[in-house]
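Structure, as structure tokens:
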Amino acid sequence: MERAIELAQRGMDSNEGGPFGCVIVKGGEIIAEGNNRVTSENDPTAHAEIVAIRRACKALGDFQLTGCDIYTSCEPCPMCLGAIYWARPDRVFYAGTRQDAANAGFDDSFIYEELDLSPENRSIPNHQILQSDATILFDKWKEKEDRVDY
């Protein structure tokens, strides 16, 4: 955790992004780390956890982090939490809470609230179109013999 906090400080000091850092460990060894790079890369998805997950998966040659632990300087936001669940690590450890982040201007409570709304009632309206075309793709996926399930 100390390394994750150090990465958060380093990234903040070098103006790469907000005060967030993340380390991914497997078998007692750090396999990947990352810090927030949203503003330096002009990428709203470049949160510390996402950066570290991408690097860890590349290092392992796998899209899952089975057997890994994630150490992050702050409780993951909804996007990062979703990525963490897709990556399937064994555990997540965090230092600051989402309320601590909100107190510093990183308030993601509105996203949690948006997730509870039906798509058409969200602040960025979501409109479903061409469902039948999309459903055909899912049917083809189920029939695909060489698919890689995840």
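The chain is numbered in sequence order, starting from 1.
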* Could you name each residue pair satisfying ring-ring contact (aromatic ring centres under 6.0 Å, His included) that touches residues 112-135, not counting sequence neighbours? => none
* Who are the side chain to side chain donor-acceptor pair (under 3.5 Å) partners of N15, not counting sequence neighbours? -> none
Just distance, no hydrogens or angles: give the donor-acceptor pairs under 3.5 Å from side chains in residues 141-150, sequence neighbours left out.
from: K144; atom 1: NZ; to: D146; atom 2: OD1; distance (Å): 2.7
from: R147; atom 1: NE; to: D149; atom 2: OD1; distance (Å): 2.7
from: R147; atom 1: NH1; to: W141; atom 2: O; distance (Å): 3.2
from: R147; atom 1: NH1; to: K142; atom 2: O; distance (Å): 2.6

* Partner residues of A95 under the side-chain contact (heavy atoms from CB on, under 4.5 Å) criterion, sequence neighbours left out -> M1, I5
* **Atom pair CG/OH of L7 and Y71 - distance to nearest 0.5 Å** => 14.5 Å
* **Contact list for residues 127-138, test salt bridge (charged side-chain N to carboxylate O under 4.0 Å, His left out), sequence neighbours left out** => none
* Give every residue pair that meets the salt bridge (charged side-chain N to carboxylate O under 4.0 Å, His left out) criterion with at least one member in residues 20-33, sequence neighbours excluded. => R3-E33
* CZ-CG distance between F106 and N36, expressed to the nearest 0.5 angstrom -> 7.0 Å
* Separation between CD1 of I111 and CZ of R122, rounded to the nearest 0.5 Å -> 11.5 Å
* Kindly compute the distance separating OH (Y94) from SG (C74), expressed to the nearest 0.5 Å. => 9.0 Å
* Asked: For residues 46-58, which residue pairs qualify under salt bridge (charged side-chain N to carboxylate O under 4.0 Å, His left out), counting only residues two or more places apart or in two chains?
  -> none
* Asked: Which residues satisfy the side-chain contact (heavy atoms from CB on, under 4.5 Å) test with S118, sequence neighbours excluded?
  -> E120, N121
* Asked: Rounded to the nearest 0.5 Å, how far apart are CD1 of I50 and CG of D43?
  -> 9.5 Å
* Structure fact -> Here the salt bridge (charged side-chain N to carboxylate O under 4.0 Å, His left out) pairs for residues 82-111, sequence neighbours left out, are D69-R91, E75-R98
Donor-acceptor pairs under 3.5 Å, side chain of residues 16-25 to any protein atom, not counting sequence neighbours: which ones?
from: E16; atom 1: OE1; to: S14; atom 2: OG; distance (Å): 3.4
from: E16; atom 1: OE1; to: N35; atom 2: ND2; distance (Å): 2.8
from: E16; atom 1: OE1; to: R37; atom 2: NH1; distance (Å): 3.4
from: E16; atom 1: OE2; to: R37; atom 2: NH1; distance (Å): 2.8

* Verify the neighbour count for atom CD of E2: are there more than 12 heavy atoms of other residues, nucleotides or ligands below 6.0 Å? => no
* Test item: T72 and C80 side chains (from C-beta on) under 4.5 Å apart, heavy atoms -> no
* Asked: Among pairs that include at least one residue of residues 25-56, which meet ring-ring contact (aromatic ring centres under 6.0 Å, His included), considering only residues two or more places apart or in two chains?
  -> none
* Asked: Among all residues two or more places apart in sequence or in another chain, which pass the side chain to side chain donor-acceptor pair (under 3.5 Å) test with N126?
  -> none
